[in-house]
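Worksheet for the structure shown next.
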Amino acid sequence: MVEKKQKFLTVAPFECAWRNELRFREAGRGCVAFEAFAHNDVTVVFREHVGSQHYHYKTDNSPHYTVILGSHKNKRLKIEVDGKPVVDVEGVGLCASSGFQRYWIGIYDGLISIGKGRYPFQNLVLQWLDSNPNCNVQYIGLSSWDKHVGYRNVSVLPLTQNHISLWKQVDCKEYDEQDDDAEEADEYLGDEKSGLENFLENWELADVFFILGKEEKPVPAHKVILAASGGFQFSSTGEDIIQLREFSYPVLHAFLQYVYTGKSQIPESQLVSLRDLSLQFEVMSLVRQCEEIMERHKTSKTLLDPGKDMEICYPNSLSFCRATFPCGLPISVQRLKQLCSTGEYSDVDVYIEGYGLTACLHKIIMSLWSIPFMKMFTNGMNESASRKVCLRELSPEAFKAMVEFMYSGALNMEEALANGTLALQLLLLADQFGILILQQECCKILLECLSEDSVCPILQIISSVQSCKVIEEFCKRKFSMNFDYCTTTSVDFILLDEATFRGILQHPDLTVTSEERVLSAILLWGMQAKDLCGWETVDQLLEYSTSEVLFGQRLEYLSCLLPFVRFPLMPCELLEKLEKTNLMKSIPVFASLVKEATDNLEFGVASAEINQNPRFLHRKSSYRELQYICDGDNNGVLYFTGTSYGEHQWVNPVLAKRINITASSPISRFTDPKVLASRTYQGTSFTGPRIEDGKNCSWWMVDIGKDHQLMCNYYTLRQDGSRAFIRHWKLQGSLDGMTWANLRVHQNDQMICKPGQFASWPVTGPNALLPFRFFRVILTGPTTDTSEPWKFCICFLELYGYFR
């Protein structure tokens, strides 16, 4: 039997607890974080479908993963796949029988990660990769072995590469288990002694009163809460009084406690009165529970015990999960939304400057979520006595989205993901009004939609939000790893503040194709350029202006930003060119840095000084330029890979297993991947078509390896001995081999017109500045061979650009 306690879920021996909400958003990818109390065998099962209460993993014949913490009398950690042990490690991942212990288990395409602590991918205990991953597991079961296991605070988190990177950067400090309850009460409004329970029989914000018995004892309540929980009817204006002369205070208290907290206690002798009161106000879940208890007593022929208290919990109250209002309460979300949209029983009118009346809301709902709102309505401020609240500098769309969240406890993910700007505005509102859970949801959304194009707008906003430092650091890393793209496709980075831009420039993962790019970006930022240009354009502007006029207030920042340019790594020709510029005359620190670099070339620098000065060191994440010279040269990626990245004589990289080439048709005598990487002409080399999305599709794909990426700026193909010349095709790049970006699109390209001919093309545009692992050439139209128009005939392929 699965029992619910006030703060945790207890799973009896040889049973399993399943809930529909305990599931991964994306099959095969997710993380479950929880706390467990057990002597041994904390058991978590991952299945494709929900199991039953009496399910046990030992008898499960369907595909599943099982993780057992503290197996063999709390001595071992085990992982089983479809009931067969694959990991059995001694002395790690053990249970803590003295109290609740935090754990997390993540699954990402067969990679199972297990750790202890509050945050995923912190305090990693064990990782195991399934060579034949089950990417369909989605539902999570909390199970046990021969002893009871207690679970609480169960959270299911999404996992993408963005999320994994974010969690890895979270500062996870050691904590005291005894402080857990206090921490969680501060962090989650839905936890014990917080949220709506604070307003139980509280005179603050009350707008309806129960009058009890002959002594006419007044008990305060709130119209919107009562109306959303049952069949209460009130007047739209003024205070309402509900006379309850036939009911005692303990009965009303138990009734209100159930509505406001989702659980209640009452002496068995007063159960009938509680049922009658619930029936009068149509709180049907409480009516059913009272009647079930009474029926059990009737069936067992036992009398109700006046000295025994009966505990009643709302059936959908998931007290072992972190819940938010109105989750876990006998309150209809649909009815709550209706009261919000109609303004019925509202006691505050919200006006936004420039937009007028925006919403008619309920003070108690706003106060539940926001301490600033609660203080506004209860600390004797003007808004305490007035219905009218005026807010300034807010987006009405974002405010309405925040209100929807307050009334439902959930964020409209589709709308938020489709509108990244809305998520940013919501994040600012959540920070302004102290709604922590909404902040967390907005951060998740921003991670979902984070890209090279969105990173600058996100950084501009969250750099001012103190509570978003983790995601800010992640965005800085994203920017630094795509520095060329972020500073040459848009001037958005110009709007970043100095501290943020400096943080990017000194980031250890800063990845650039040349130090010249860093110089140009700093100068553009300094002059707050409205259009993209290089350092040469800035130098020309100094012919007719001064540095004080051109850079304005940002001139002083150049002194601390320009040293991040590693001038000693620049080519000698470029340094000589810089020595003759107006920048040398106008910016002293620029002149000093260029002189330092030229002196290094001429006289050298002591090794001790080089080791201490990062300007003399190559960046760890810098690219190697592999430049196209001529057709069939030895400068491309495939040739460089065949030399073990410049270390040995050339060997076909496919045979050396340093790269992998695949085709749209199966390997055969004339569809041989190693031919494309060879330096030998092949008379017959082709791949045939396959059907993808209902269309003919022929392609060759190159995987340069999981540890390597290329910003491709040129590529070469060679026709085999046939006359099936390609005319319509694309060169595409991908990070995962599934989602593709166009690098160059060819429409009726007539360049290849002879058997055995080489042909090369430049790759330009924004995508040429993005690094990819996978590349493919794919036919988008028929070749010149009318008999077999989808046969893709090439015998050589080479890629060029910036490689790492």
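Just so we're clear, the structure is a prediction, and the values are computed from it rather than from any experiment.
Of the possible donor and acceptor atoms, one in the side chain of Gln138 sits under 3.5 Å from a partner among the backbone N and O of Phe24. Remark: the backbone N or O of Ile504 is not paired with any side-chain donor or acceptor of Ser480 at under 3.5 angstrom. Between the Ser664 side chain and the Arg690 main chain, no donor and acceptor come within less than 3.5 Å of each other. With Gln127 contributing its side chain and Leu111 its backbone, the two residues share no donor-acceptor pair below 3.5 Å. Side-chain atoms of Ser143 do not come within 3.5 Å of backbone N or O of Thr43 as any donor-acceptor pair. Side chain of Ser698 to backbone of Lys791: no donor-acceptor contact under 3.5 angstrom is found.
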Take Tyr623 and Asp484, measure what side chain to side chain donor-acceptor pair (under 3.5 Å) needs, and give me the verdict at the end. CA-CA 11 Å; Tyr623 286 89; Asp484 283 15; over 6 Å; no
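Annotation: ring-ring contact (aromatic ring centres under 6.0 Å, His included) contacts of His708 (sequence neighbours excluded): Tyr645, Phe803. Taking Ser454 as the reference, Leu450, Ser451, Ile458 meet the side chain to side chain contact (heavy atoms under 4.5 Å, CB included) condition, with sequence neighbours excluded.
In terms of heavy atoms, Glu48 sits closest to Pro63 at OE2-CB, 3.6 Å. Of all heavy-atom pairs between Lys730 and Asn742, the closest is CD-OD1, 3.4 Å.
The pair Glu472-Lys476 counts as a salt bridge, with a side-chain nitrogen and a carboxylate oxygen less than 4.0 angstrom apart. Under 4.0 Å is where a charged nitrogen must lie from a carboxylate oxygen, and between Lys674 and Asp672 at least one such pair does.
Taking CH2 from Trp740 and OG from Ser734, the interatomic distance works out to 5.0 Å, rounded to the nearest 0.5 Å.
Note that Arg744 lies outside the cation-pi zone of Tyr715, set by a 6.0 Å cut-off to the ring centre and a 45° limit from the axis.
A 6.0 Å sphere centred on CG of Asp146 holds more than 12 heavy atoms belonging to other residues, nucleotides or ligands. Summarising the local packing, CD1 of Ile667 is surrounded by 12 or fewer heavy atoms from other residues, nucleotides or ligands at distances under 6.0 Å.
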